Q: 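Here it is: the structure, laid out below.
Values reported hereafter were calculated over all heavy atoms of this structure, with side chains retained and with hydrogens, waters and symmetry mates removed. Here the structure is a predicted model, which is why all the values come from computation and not from measurement. For the single chain, residues carry numbers from 1 onward in sequence order.
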Amino acid sequence: MKPISLYLVSILFSSYAFSHYTQPLYKDMLSWFKTPTDIAPWQLQQSGQQWILRATTMQDGGGHVFFNPLNQRCIVSVPHKFYDMGTLPIGQFIYDTLCQVMVSNSHQRYVKSPDTYPMDFSKRPYNIHNAALIAYQTHNINAKVFQIHGFSNKKRRTKQGKTADVIVSQGKASNLTGQQLTSCLSQLGLTTFLYGTSIKELGGTKNIVHKLGLQPHSFIHIELSKPTRTRLRQESSLLKKFTTCLSRII
């Protein structure tokens, strides 16, 4: 069976995932990546070759989408830019130098939501963030999604968690891609663990993105300790090498 057929089958066998493909925002974003236009109430902006959808309200959780078709086919997601300090500039660098798409939240995840769903993009099932991920991968089936998170070593229970600089996860199971990324980051001198293999502890085990029906193993959740986030922002050479590791697996 061809890859595209396997992909469609995996979607059809998940009613939860399929519901996202019928939502208006998904259909809007599917068209938007071909021809960027206004999607009310988001505001469309253009800067050079870059297109931006900026949230002007809290409707559907808000959120921003950035698109530069000149870059490579991958997405960087920053769902907690206010709470996980330092993740936005790290994600911004990855977007500027590597990926075609960046999605980020526009409101703090703990603010009161205007509807029945939480504002937290890792828990909110219907938003422009998830619609963008699904729509973009529909156009680019092999695209990787790098989601950048922060974590506190003090809150980890295991020895590995307390000493980790980076924790990589692809969900319940990993493949060679996760192993390669873990190895590459370790070679930079970062203490890196792969969830389910070298560490059993992770902050985002219930991340809603795992239920969207994306291509298996394409969603790569990267947790960075606070000292590591500081180093990546302060040491430009390390951030470049970190991004190079990502580029090697897309």
Side-chain angles (χ1 to χ4, degrees), residues 3-4 6-11 13-14 16-17 20 72-80 84 87 90-91 94-95 98-104 120-125 129-130 132-138 140-151 156 158 160-161 164-188 190-225 228-229 232 241-250:
I4 185 66
L6 289 172
Y7 183 57
L8 292 174
V9 167
S10 68
I11 293 170
F13 272 92
S14 171
Y16 187 93
H20 291 281
Q72 297 190 53
R73 295 179 181 181
C74 58
I75 301 175
V76 58
S77 162
V78 184
H80 301 148
D84 292 357
T87 54
I90 293 168
I94 297 169
Y95 167 65
L98 181 63
C99 292
Q100 285 188 345
V101 179
M102 181 173 78
V103 287
S104 73
D120 187 345
F121 276 0
S122 66
K123 297 178 180 179
R124 184 183 184 89
H129 172 281
N130 291 348
L133 300 188
I134 298 169
Y136 183 78
Q137 199 175 78
T138 301
N140 305 279
I141 193 170
N142 295 316
K144 298 293 191 299
V145 178
F146 303 114
Q147 190 167 89
I148 310 298
H149 287 269
F151 77 94
R156 290 291 186 251
T158 64
Q160 295 95 329
D165 294 320
V166 186
I167 301 175
V168 175
S169 170
Q170 292 177 285
K172 294 181 179 179
S174 59
N175 66 357
L176 181 60
T177 296
Q179 297 168 20
Q180 291 174 332
L181 178 59
T182 301
S183 176
C184 187
L185 296 177
S186 296
Q187 291 172 23
L188 302 183
L190 298 171
T191 302
T192 308
F193 296 99
L194 180 61
Y195 177 70
T197 301
S198 54
I199 193 170
K200 305 297 183 181
E201 188 177 22
L202 185 73
T205 54
K206 297 181 180 180
N207 197 311
I208 199 73
V209 177
H210 290 299
K211 299 181 180 181
L212 296 183
L214 297 178
Q215 188 77 349
H217 299 111
S218 66
F219 175 57
I220 302 173
H221 180 282
I222 304 172
E223 291 194 351
L224 304 171
S225 69
T228 302
R229 280 174 273 148
L232 289 172
K241 292 176 182 177
F242 180 93
T243 304
T244 297
C245 285
L246 301 182
S247 71
R248 289 176 179 172
I249 62 170
I250 62 175

Q: My understanding is that only residues two or more places apart in sequence, or in another chain, count here; which of them pass salt bridge (Lys or Arg N to Asp or Glu O under 4.0 Å) with D165?
A: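 Result, salt bridge (Lys or Arg N to Asp or Glu O under 4.0 Å) vs D165: none returned.
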Q: Under a 3.5 Å cutoff, is there a donor and acceptor pairing between the side chains of Q179 and S183?
A: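 Per modelled atom types, Q179 and S183 side chains form no pair under 3.5 Å.
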Q: Can you name the side chain to side chain donor-acceptor pair (under 3.5 Å) partners of T158, sequence neighbours left out?
A: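 Listed in chain order: E201.
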Q: Can you name the side-chain contact (heavy atoms from CB on, under 4.5 Å) partners of C245, sequence neighbours left out?
A: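 Applying side-chain contact (heavy atoms from CB on, under 4.5 Å) to C245 gives L181, C184, L185, L188.
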Q: For F151, which residues count as a ring-ring contact (aromatic ring centres under 6.0 Å, His included) partner, sequence neighbours excluded?
A: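 Here no residue qualifies.
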Q: Mind checking what makes side chain to side chain donor-acceptor pair (under 3.5 Å) contact with T244, not counting sequence neighbours?
A: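 Scan of T244 (side chain to side chain donor-acceptor pair (under 3.5 Å), adjacent residues dropped) gives none.
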Q: State which residues pass side chain to side chain donor-acceptor pair (under 3.5 Å) with T87; sequence neighbours excluded, sorted by chain then number.
A: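 Partners of T87 under the side chain to side chain donor-acceptor pair (under 3.5 Å) test: none.
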Q: Taking side-chain contact (heavy atoms from CB on, under 4.5 Å) as the definition, give me every residue that meets it alongside K123, ordered by chain and number, with sequence neighbours left out.
A: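 If we apply the side-chain contact (heavy atoms from CB on, under 4.5 Å) test to K123, skipping adjacent residues, the hits are P118, D120.
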Q: Run the side-chain contact (heavy atoms from CB on, under 4.5 Å) test against S186 and tell me which residues pass, sequence neighbours left out.
A: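 By the side-chain contact (heavy atoms from CB on, under 4.5 Å) rule, S186 matches T182, T192.
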Q: Excluding sequence neighbours, so at least two apart, what forms side-chain contact (heavy atoms from CB on, under 4.5 Å) with Q72?
A: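 Scan of Q72 (side-chain contact (heavy atoms from CB on, under 4.5 Å), adjacent residues dropped) gives L98, I250.
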Q: For F193, which residues count as a ring-ring contact (aromatic ring centres under 6.0 Å, His included) partner, sequence neighbours excluded?
A: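 Not a single residue meets the ring-ring contact (aromatic ring centres under 6.0 Å, His included) criterion with F193.
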Q: Does F146 have any ring-ring contact (aromatic ring centres under 6.0 Å, His included) partners at least two apart in sequence or in another chain, and if so, which?
A: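 ring-ring contact (aromatic ring centres under 6.0 Å, His included) check on F146 returns nothing, list empty.
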